[in-house]
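Report on the structure given below.
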Amino acid sequence: MTLSFNPDTVELPNGHFIGGRYVRAAGGLTMHRPSDGVEYAECPVANGELVDEAVASARQALKTSGWSGLRPRERTRALSRWADLIEAEAATLARLEAVVSTRPVGHLVEGDIAITAEQIRFFAEFADKEGGDLVPTDDDNLGMIMTEPYGVVGAITPWNFPVSMAGWKLGPALAAGNAVVLKPSEMTPFSTLYLAELSVRAGLPAGLVNVVLGDGPTTGNAITGHPGIGKVSFTGSTAAGAAIMENIARTGIKPMTLELGGKSPQLVFTDADLDRAAEAIARNILSNAGQACVAGSRVIVERKVADALTEALVAHMSAILPGPTWDEASQYSPIISERQIGRIDSIVQSSLAAGGECLLGGKQLDREGYFYAPTLIAGVDQSSPAVTEEIFGPVLTLQTFDDEEEALALADHPTYGLAAGVFTRDLSRAVRVTRRLEAGTVWVNRYGRSRDHILPTGGYKSSGIGKDLGREAYLANRRSKSVLINL
């Protein structure tokens, strides 16, 4: 299959997707292609009335289809058909996502899209395998814990992995018996719209999946504060997550799952396989040009092997092939916007001015589009902007330590606790350090997720509340009810 394409020939979905059909809408927010900076399309902004319509459509779909009360295996089969169709339409989904996102088309078909189909099947299987409990009580009573869906789940997804993030929200919510009103990022909405269209084509009830386009202040606030939405799920920045919490508290209390920012450390000890460590660290920070909440952007290495690791990192990070996202040969992503590339460079230059030493990169690449050079900065301390700030770009900092306690002290971040990496051949040390790291996910002798969807993801501290993926994500989309029957 040839995946490369001409971006000017891609036919884009037009409008919001509500009640199983596209609702045409005039544009509002200008969109640029990150790969070449060309103004490409406009994204409409759904106001409160349109969000009302989407919520009403979701509630009506639940009522008329009986989705929540179907035999659980029927939900499993329906979602499996949707996953099959997602795989069959992978090329179309890949073009729609690559044209305005940071995801190279060559990474999408066998990567993001295939994994999204797997995740939907994974959650579909929970529908008839997770239920309530019969609990011990007095002999003359029957105690039960029942679970049931919330009804309508409101979801908001970021721009960095559009299809994947939509799958994270839609899979568990639908499998658990809910309907969804989802707002994708205003910068990358098209593949999510097509996912919703495919759900109807696969036989899911129209109105079960609704996608409304818009920004955070208007559309996002209308979703998170809507009285007809029973639960909110959000992935994005910590600042945006705090704003969502504030809006929910102001408009009516409801449960939420927030997967937020990170500034994740990677600890490399003297006994580590340095080639493996360097490859894993470089691959992670180069993936999507570091635009991921779990990006392992802080390398903390034992002083004795710091020079050897640095040399290996520079070699790996220099071997990149940047190119437009619509060229399947491209391996290195652009930055999402001109504004974001300016923010990355500002943090880098501030860190260098504060005493950091640039070992690689440190500037925008000299080519069209928003590409930033892979960057490695040494000589930083805990107060450096490159250490404290979530950069969301291809920037690594390098710090050294002499013993385990110093390594853990450097790894601790006052704000974030999303993920961490540990590289060592000493199993006892690996377990000991893992237990002490304040992070929701720790990878040992690797860095990054695999296709083991059973492992939940979520953070400590200001990196979030609750979990995505895993059994926890399914259970987070059902509420429990205690029942006590006098016999």
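Remember, predicted model here, so these are calculated numbers, not experimental data. Residues: numbered from 1 along the sequence shown.
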For the residue pair [X] and [Y], what are the closest heavy atoms and their distance?
{"X": "L79", "Y": "A124", "result": "CB-CB, 3.7 Å"}
{"X": "A386", "Y": "I377", "result": "CB-CD1, 4.5 Å"}
{"X": "G241", "Y": "L258", "result": "O-CD1, 4.0 Å"}
{"X": "W326", "Y": "S35", "result": "CH2-CB, 3.5 Å"}
{"X": "G296", "Y": "N284", "result": "N-OD1, 2.8 Å"}
{"X": "I113", "Y": "A90", "result": "CD1-O, 3.4 Å"}

Side chains of [X] and [Y]: closer than 4.5 Å at any heavy-atom pair?
{"X": "F423", "Y": "L267", "result": "no"}
{"X": "V433", "Y": "T424", "result": "no"}
{"X": "Q119", "Y": "R451", "result": "no"}
{"X": "L418", "Y": "C293", "result": "yes"}
{"X": "P184", "Y": "L182", "result": "yes"}
{"X": "M245", "Y": "I465", "result": "yes"}
{"X": "H453", "Y": "I115", "result": "yes"}
{"X": "I336", "Y": "N160", "result": "no"}

Cation over ring face, R103 and F161, 6.0 Å, 45°: no
Side chain to side chain contact (heavy atoms under 4.5 Å, CB included) evaluation trace for D327 with V105: CA-CA 7 Å; D327 183 349; V105 67; over 6 Å; no
Taking [atom1] in [X] as the centre, count heavy atoms belonging to other residues, nucleotides or ligands within less than 6.0 Å. Is the count above 12?
{"X": "D402", "atom1": "CG", "value": "yes"}
{"X": "M146", "atom1": "CE", "value": "no"}
{"X": "R276", "atom1": "CZ", "value": "no"}
{"X": "D307", "atom1": "CG", "value": "no"}
{"X": "Q382", "atom1": "CD", "value": "yes"}
{"X": "E311", "atom1": "CD", "value": "no"}
{"X": "D403", "atom1": "CG", "value": "yes"}
{"X": "R339", "atom1": "CZ", "value": "no"}

Applying side chain to side chain donor-acceptor pair (under 3.5 Å), which residue pairs with at least one partner in [range] are found, sequence neighbours left out?
{"range": "residues 463-472", "answer": "E130-R471, K169-D468"}
{"range": "residues 244-255", "answer": "T224-N247, N247-R250"}
{"range": "residues 176-189", "answer": "K183-E186"}

I'd like to know if [X] and [Y] make a salt bridge, using a cut-off of under 4.0 Å between side-chain N and carboxylate O.
{"X": "R73", "Y": "E125", "value": "yes"}
{"X": "K461", "Y": "D412", "value": "yes"}
{"X": "R425", "Y": "D271", "value": "no"}
{"X": "E148", "Y": "R478", "value": "no"}

Salt bridge (charged side-chain N to carboxylate O under 4.0 Å, His left out) against R446, all qualifying residues, sequence neighbours excluded: none
Side-chain donor/acceptor of E97 to backbone N/O of L108, under 3.5 Å: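 Not confirmed, E97 side chain does not pair with L108 backbone.
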CA sep, side-chain torsions, deciding dist, call: R436, E405, salt bridge (charged side-chain N to carboxylate O under 4.0 Å, His left out): CA-CA 10 Å; R436 293 185 60 187; E405 288 300 319; 2.6 Å; yes
Ring center gap for F269 and F401 short of 6.0 angstrom: yes
I145/K481 under side chain to side chain contact (heavy atoms under 4.5 Å, CB included): CA gap, chis, key distance, verdict: CA-CA 6 Å; I145 301 173; K481 178 182 293 182; over 6 Å; no
Mutual orientation of the aromatic rings belonging to Y416 and H413 [parallel < 30°, tilted 30-60°, perpendicular > 60°]: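 The arrangement is tilted - the two ring planes meet at 30° to 60°.
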Criterion side chain to side chain contact (heavy atoms under 4.5 Å, CB included) on E357 and L359, from CA distance to verdict: CA-CA 6 Å; E357 178 187 1; L359 304 180; 3.5 Å; yes
Show me the side-chain donor-acceptor pairs of residues 149-159 shorter than 3.5 Å, one per line, residues at least two apart or across chains.
none

Check against side chain to side chain contact (heavy atoms under 4.5 Å, CB included), I335 and I344: CA-CA 9 Å; I335 304 302; I344 292 168; 3.8 Å; yes
Please table the atom pairs, donor to acceptor, closer than 3.5 Å between any side-chain atom in residues 389-396 and protein atoms at least two apart or in another chain.
residue	atom	partner	partner atom	Å
E390	OE2	G262	N	3.1

